[in-house]
Protein chains: 2
Amino acid sequence: MTTKSSSQASTPLGTLANEVRLACMRISRRVRFESTDVIAPHQFSVMARLEDAPRTSRELAGIERVSAPSMSRTVAGLVERGFVLRQDDPTDGRQVILSLTPEGQAVLKDSRRRRDQWMAVRLKNLPAHEREILARAAEILSRVAGE
Amino acid sequence: MTTKSSSQASTPLGTLANEVRLACMRISRRVRFESTDVIAPHQFSVMARLEDAPRTSRELAGIERVSAPSMSRTVAGLVERGFVLRQDDPTDGRQVILSLTPEGQAVLKDSRRRRDQWMAVRLKNLPAHEREILARAAEILSRVAGE
DNA sequence: TATTGTTATACTCTATAACTATA
DNA sequence: TATAGTTATAGAGTATAACAATA
């Protein structure tokens with residue numbers, strides 16, 4: 001449309017959006033299918049949040065955009081399996097501080113390793129210049145996703 | 001784009017795999033959250049398969065890697081809503097040929113448009129050279145995901 | 001009265017096992 | 001006997017509504 005600075009004919013914005021989105025969804029789908037994981041996606045996501053910092057159930061529900069009862073159940077399952085620790089907040093009796101146990105940290109690390117393995121095997125077979133493009137794209141996409 | 005081998009031993013393979021995977025998952029996650037869709041992800045996926053070509057329930061179950069009863073239910077829901085058409089196979093009475101109705105095609109198109117919209121808005125704000133990187137990355141990632 | 005969290009209940013998507021109809 | 005598909009039943013994950021405990 002407006003931009004013509006590039007020597008090559010730029011991909012129309014709608015088409016590019018579609019291609020980028022589809023590519024990302026295909027990769028996510030394959031990674032999900034290939035990795036035989038100990039924890040489910042939503043559990044992984046919650047544990048990753050707790051890795052950054054201890055949080056309350058309410059905070060997690062807000063971040064993950066699920067209802068309070070749903071998060072309550074997810075957390076209960078992780079506590080039961082020994083991956084998450086519950087501690088009463090000394091300053092506010094209503095709240096419960098949730099954090100990762102060493103077992104939880106190990107599970108999270110192992111889960112990431114399995115997921116990366118599938119991708120690493122495939123990236124290994126790419127020529128160097130394509131890997132360079134993916135490195136740049138990853139930075140751009142992460143920035144876009146965080147907006 | 002120039003290859004611009006700024007750093008030959010640039011990103012370690014494991015790190016790159018992690019960054020690319022995370023970037024794709026973040027994009028997928030945001031797209032999923034942002035798009036208020038008429039159809040659920042698994043329904044979208046099935047309808048997209050039928051757009052390529054009419055198929056049987058069994059075929060769809062295999063492609064989508066779900067059980068036959070699960071696919072049976074998913075398809076039943078789409079038929080009930082008028083998005084998918086059932087037709088008895090004249091050569092094999094056991095089989096049922098499934099295909100998209102015009103309504104189904106319209107829903108699929110609309111769903112794609114909504115999903116692309118979120119991405120398009122964000123890509124619009126990127127400089128041209130970054131969009132070029134994403135265009136190339138999309139092609140590479142689609143190839144990798146299809147392996 | 002407002003907030004944090006849980007329990008009660010229901011809906012959806014998934015699965016395995018058992019069943020019907022056809023080859 | 002094998003295959004395509006459905007029905008029966010159960011297990012997760014999600015939601016809203018109602019409840020308890022604390023601020």
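In what follows, every chain begins at residue 1, and chains take the letters A, B, ... in the order their sequences are listed. What's counted below: heavy atoms across the whole structure, side chains too, no hydrogens, waters or symmetry copies. In this text, all values refer to a predicted model and were calculated from it rather than measured experimentally.
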Against the side chain of B:Arg86, the closest entry in D:dA15, C:dT6, D:dT6 is D:dT6
Gap between atoms CZ and P, on B:Phe44 and C:dC13 respectively (whole Å): 16 Å
Under a 4.0 Å N-O cut-off, is there an ion pair linking B:Asp110 with B:Arg113? yes
Take atom CD of B:Gln95 and atom C1' of C:dA21, then tell me their distance rounded to the nearest Å. 13 Å
Taking CE from B:Met71 and P from D:dT7, how many angstroms apart are they, rounded to a whole number? 16 Å
Expressed in angstrom and rounded to an integer, what is the separation of A:Glu64 atom CD from D:dA15 atom P? 11 Å
Compare side-chain N and O positions of A:Ser57 against OP1 and OP2 of C:dG5 and report whether any pair is under 4.0 Å apart. no
Using a distance-only criterion (donor-acceptor N/O pair, under 3.5 Å, no hydrogens), is the base of D:dT14 paired with the side chain of A:Arg73? yes
Separation of D:dG5 P from B:Arg55 CZ (nearest whole Å): 13 Å
Going by an N to O cut-off under 4.0 Å, is there a salt bridge joining A:Asp116 and B:Arg21? yes
Output the rounded distance in Å from CZ (B:Arg32) to C1' (D:dT14). 14 Å
Taking every non-hydrogen atom, the tightest pair across B:Val38 and B:Arg81: O-NH2, 3.1 Å
Separation of D:dC19 P from A:Arg94 CZ (nearest whole Å): 20 Å
So, under a plain 3.5 Å distance rule, would you say the side chain of A:Arg58 forms a donor-acceptor pair with the base of C:dT4? no
Rounded distance in Å - CG (B:Asp88) to P (C:dA21): 14 Å
Closer than 4.0 angstrom, basic N to acidic O: yes or no for A:Glu147 and A:Arg143? no
Quick note, A:Ser67 side chain, CB onward, closest among D:dT6, C:dA2, D:dA15 is D:dA15
Which of the following nucleotides, D:dT6, D:dA23, C:dA8, is nearest to the side chain of A:Pro69? C:dA8
A:Glu64 and B:Arg29 ion-paired at < 4.0 Å: yes
Indicate whether OP1 or OP2 belonging to D:dT14 is found under 4.0 Å from a side-chain N or O atom of A:Ser72. no
Between A:Ser70 and B:Asp92, whichever has its closest DNA chain D nucleotide further toward 5' is B:Asp92
For A:Thr91 and B:Ala68, find the nucleotide of DNA chain D closest to each by heavy atoms; which residue's nucleotide sits nearer the 5' end? B:Ala68
